[in-house]
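Heads up, the thing below is written out as structure tokens.
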Amino acid sequence: MAFPKNLFVLVFLIIDSLSFNAWAKVDMTMADSVEVYLDDSADIPCQYVFSEQPRAVMIQWFVRNPGSSNRERIYYGDDTQQIVDNGTDFMGRITVSDIGDKMGVLLTIQDVQLSDEREFFCQVNGMAAGNGEGKTHLRVFDPPEAPIIEGVLAGISVTNELPSKIASCEARNGFPKPNITWYRDSNPLNPTHGKINVVTLVTWESSGFYSVQSDLQYKVSKEDKDALFSCEVSYYVPGAARTAESKGINITVHYPTAVVKLWMESPQALVKEGDTVELRCQGDGNPPPPYTFNREQEPETTLEARDGKLVLKEVTRGDSGVYQCRSLDLDTYEEVMGDMQLNVHYLDPAVVVPKDSEVMFKGESLTATCNALSSLETATVWFKDRQRVGTGHVLLLQDATYSTAGEYVCEVTVPSLPGLHTSGSVHIIVQGAPQMKDSDREVEMEQGLGKWVNLSCEAHAHPLPSISWSFSGSQSWREVLTRANEHNIISLVSVKVTSDVTALCNATNEMGTETKSFSIRAIPMVTSTAPYLPAEGNGVIIVVIILCILLLAILGSVLYFLHKKGKIPCGRSGKQEITKENANKDEIVVEMKTDTKTEDTVLLKGVNGDKNGPSNQ
Ligand SMILES: *[C@@H]1O[C@H](CO)[C@@H](O)[C@H](O)[C@H]1NC(C)=O
Ligand SMILES: *[C@@H]1O[C@H](CO)[C@@H](O)[C@H](O)[C@H]1NC(C)=O
Ligand SMILES: *[C@@H]1O[C@H](CO)[C@@H](O)[C@H](O)[C@H]1NC(C)=O
Ligand SMILES: *[C@@H]1O[C@H](CO)[C@@H](O)[C@H](O)[C@H]1NC(C)=O
Ligand SMILES: *[C@@H]1O[C@H](CO)[C@@H](O)[C@H](O)[C@H]1NC(C)=O
């Protein structure tokens with residue numbers, strides 16, 4: 001608070017008291033009113049000036065309830081005694097003291113109560129010096145509680161002719177009586193005949209406080225649906241006026257439907273057959289009235305819908321048309337309607353001409369078409385073996401060859417509605433004489449004499465050709481593989497090259513024959529030169545040589561043994577003889593031979609050992 005709370009002097013009045021004598025008088029000075037908060041203490045000064053010094057002064061304080069003439073004394077004081085009167089409301093709560101150096105007294109009331117709001121009289125009696133009286137109105141203040149606003153929950157219709165109660169506001173326990181003011185979006189609402197009424201109920205509580213309740217009766221319009229209503233309580237406090245505002249509330253305004261809109265909520269894009277379509281109907285009235293849906297062509301047939309939403313499942317082109325949504329205002333019984341056009345787009349299955357499959361002769365031309373009926377513009381692309389071969393609904397096949405044959409697929413799409421597509425196909429068969437796979441019809445090759453060679457022949461034709469072989473130069477042949485699919489046949493023969501061979505492969509169907517020829521030059525197999533010896537032959541020769549050496553070794557051993565046996569009686573001397581005879585060159589040759597034999601034996605063991613090695617493995 002910016003100002004002292006306990007005491008407020010608003011207006012000063014000088015009251016001239018009546019004087020008994022023209023020469024003796026007293027001037028009284030008292031505040032008109034003193035303002036104070038409840039429970040605070042109040043000071044009421046009483047100043048007086050005597051024109052003639054009195055011998056003694058007697059002071060009395062009285063109270064009087066406003067509007068009553070009865071006064072009650074609460075205090076008496078003179079030079080000898082000061083008495084607070086017994087049995088009054090002020091007993092024990094008041095003191096009277098001198099005011100500093102000036103002539104006067106100060107009545108102090110402690111613990112001010114609401115009932116203290118009275119007039120206080122100060123009576124000064126100076127006997128011969130004159131007497132006087134002054135008064136001060138003590139005003140007590142206590143702010144009310146914060147205002148509480150309550151809106152009417154039910155909707156209020158703009159069609160009500162008289163103002164309807166839309167809210168009430170209460171400010172409780174204030175003193176003195178507070179005021180309530182109403183606001184709409186911060187603009188005060190002043191009572192206006194036929195538009196705004198404010199009904200105020202003031203309750204004076206037994207506690208002495210005032211409670212104020214105010215009802216706002218208001219004629220609502222549609223704009224009020226977004227307005228905020230609030231109330232403000234205004235009250236006085238010592239020396240000032242204060243206000244406290246309630247929170248804002250809004251009210252539910254009911255107004256009739258003037259416009260109904262119908263639109264498609266989903267899908268967001270174009271509608272195609274099979275889609276689920278949701279139509280939403282909304283009017284501008286509150287509360288939303290019930291809506292009924294129907295098709296324009298069948299006004300009497302109500303379509304089943306909920307909460308203003310019509311769901312059409314798996315629509316077909318037959319669901320296209322104008323849809324209507326109607327609302328009947330229950331207040332005004334006026335019907336309002338909204339409508340919209342629903343277009344369900346479609347794409348029929350593609351029709352390909354020629355149908356299914358078509359036979360062409362080689363060199364022929366053909367025009368194929370692919371058509372699909374649609375409500376929207378379509379685009380057609382032709383594919384063969386997943387390769388794009390044409391665009392547009394006409395496909396021209398010119399000068400057919402076997403590579404022309406195959407499956408042609410046309411794909412029809414709707415560029416503006418990607419969900420729509422269809423396709424069709426035609427199988428093209430090219431009929432003609434067989435065609436060999438390799439352009440080169442004369443195959444020349446060389447092969448070793450006596451070996452087998454594989455010859456293959458692959459032909460393409462419709463109808464499927466048969467393959468026949470003829471050989472000259474060899475009687476030894478066999479077919480190792482034949483494989484055929486729709487238009488292709490492959491035959492593989494294995495032929496033995498016994499001399500130069502000429503082979504003919506004929507592929508034949510009713511349209512003709514095509515021949516492929518092979519000529520195989522036989523190359524002589526084995527010559528005298530060693531390098532051409534096969535590995536197998538080498539092995540055999542080695543074994544034969546080893547066997548010969550073995551036989552020689554055994555023979556040699558036997559001869560040596562027999563020779564030794566025959567010479568036993570000679571003993572060492574015999575040997576010595578030989579040693580002696582070493583001078584004979586012929587004999588030396590023989591001995592040398594035996595030595596060589598022993599070496600051979602050792603060598604042979606080694607060879608045998610090697611031979612055993614691999615055989616053990
Ligand atoms: C005040 O009055 C009551 C009875 O009314 C009495 O009992 C009491 O003694 C009195 N007090 C004084 C201070 O006179
Ligand atoms: C309350 O309203 C009355 C009458 O309009 C007015 O005299 C008084 O000053 C108002 N009180 C407050 C606290 O505004
Ligand atoms: C007013 O009402 C609207 C709906 O009617 C609501 O969304 C909004 O929160 C309300 N505002 C207040 C302050 O109550
Ligand atoms: C010939 O073909 C058969 C079967 O495919 C195959 O087993 C064989 O090894 C081939 N012979 C030659 C010499 O290619
Ligand atoms: C293959 O065709 C040729 C020419 O048409 C013919 O002379 C030959 O006899 C045919 N050979 C076979 C095995 O059909």
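Counting starts at 1 for both ligands and their atoms, in listed order.
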Closest to atom 11 (N) of ligand 4 among Asn454, Val480, Leu492 (heavy-atom distance):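 Looking at heavy atoms only, Asn454 sits closest to atom 11 (N) of ligand 4.
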
Are [X] and [Y] an aromatic pair by the rule of ring centers under 6.0 Å?
| X | Y | value |
| --- | --- | --- |
| Tyr408 | Trp382 | no |
| Phe141 | Phe175 | no |
| Phe90 | Phe120 | yes |

Please tell me if atom 9 (O) of ligand 4 is touched by the protein, where touching means a protein heavy-atom distance below 4.0 Å.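 Within 4.0 Å of atom 9 (O) of ligand 4, no protein heavy atoms are found.
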
Students should be able to answer this: which protein heavy-atom is nearest to atom 6 (C) of ligand 2, and at what distance? Asn179 ND2, 3.9 Å

Provide, to 0.1 Å, the distance between atom 13 (C) of ligand 4 and the closest protein heavy atom, together with that atom's residue and name. Trp452 O, 4.0 Å

Interfacing atoms of ligand 2 (cut-off 4.0 Å, heavy-atom, Tyr235):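 Numbered from 1, ligand 2 contributes 13 (C).
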
Do His487 and His460 have a side chain donor and acceptor closer than 3.5 Å? no

With side-chain contact (heavy atoms from CB on, under 4.5 Å) as the criterion, how do Tyr75 and Ile83 come out once you've worked through the C-alpha distance, each side chain's angles and the decisive distance to 0.1 Å? CA-CA 6 Å; Tyr75 172 86; Ile83 300 165; over 6 Å; no

